[in-house]
Amino acid sequence: MAVQRITGAGGEVSRGPVLLYGVILTGVIAAASVNLYDGTSASDRLRAVFFTAAAESVPLPFPLPMMFEHGLFVSFGAAADQALFFYEPVREEQLPPASDVPVE
């Protein structure tokens with residue numbers, strides 16, 4: 001498992017497919033949010049938005065990992081300026097065939 005720290009306005013966690021196991025928002029001043037995109041920029045598909053009202057570090061573990069097939073890009077909303085991402089890279093040959101991927 002890999003851990004990556006992203007700071008500032010956000011950035012790229014991975015360019016390739018990953019399973020995301022959780023996030024820890026750190027440096028939270030007040031209510032904060034983090035946006036997760038399936039891709040390499042904020043113009044890609046928004047997969048999730050997490051909010052917190054705590055003025056402290058906030059762990060967000062997932063009961064099951066989230067799959068990001070095209071990479072993982074994050075952006076921070078107000079009051080959040082850094083986070084730790086716990087993920088595992090996925091090799092292309094481990095991805096399901098395109099016909100087996102549900103359309104959302």
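On a predicted model such as this, the values are computed, not experimentally measured, just so you know.
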Indicate, with yes or no, if I24 and M1 share a hydrophobic cluster defined by side-chain heavy-atom contacts under 4.5 Å among Ile, Leu, Val, Met, Phe, Trp and Tyr.
yes
For residues 12-25, the salt bridge (Lys or Arg N to Asp or Glu O under 4.0 Å) pairs (sequence neighbours left out) are E12-R15
Less than 6.0 angstrom separating the ring centers of F62 and F50, yes or no?
yes
Side chain to side chain donor-acceptor pair (under 3.5 Å) filter on T40, not counting sequence neighbours, yields none
For the student: nearest non-hydrogen atoms of [X] and [Y], plus distance:
X	Y	answer
P89	V18	CA-CG1, 4.1 Å
I6	G11	CG2-N, 3.6 Å
G8	F76	O-CD1, 3.1 Å

Using a 4.5 Å side-chain heavy-atom cut-off and chaining through intermediate ILVMFWY residues, the residues clustered with F73 come out as Y37, L46, V49, F51
Are any side-chain N or O atoms of R47 and backbone N or O atoms of M67, one a donor and one an acceptor, separated by less than 3.5 Å?
yes
First locate atom [atom1] of [X], then atom [atom2] of [Y], and finally report the distance between them rounded to the nearest 0.5 Å.
X	Y	atom1	atom2	result
L72	D44	CG	CG	10.5 Å
L20	Y87	CG	OH	10.0 Å
D38	M66	CG	CE	8.5 Å

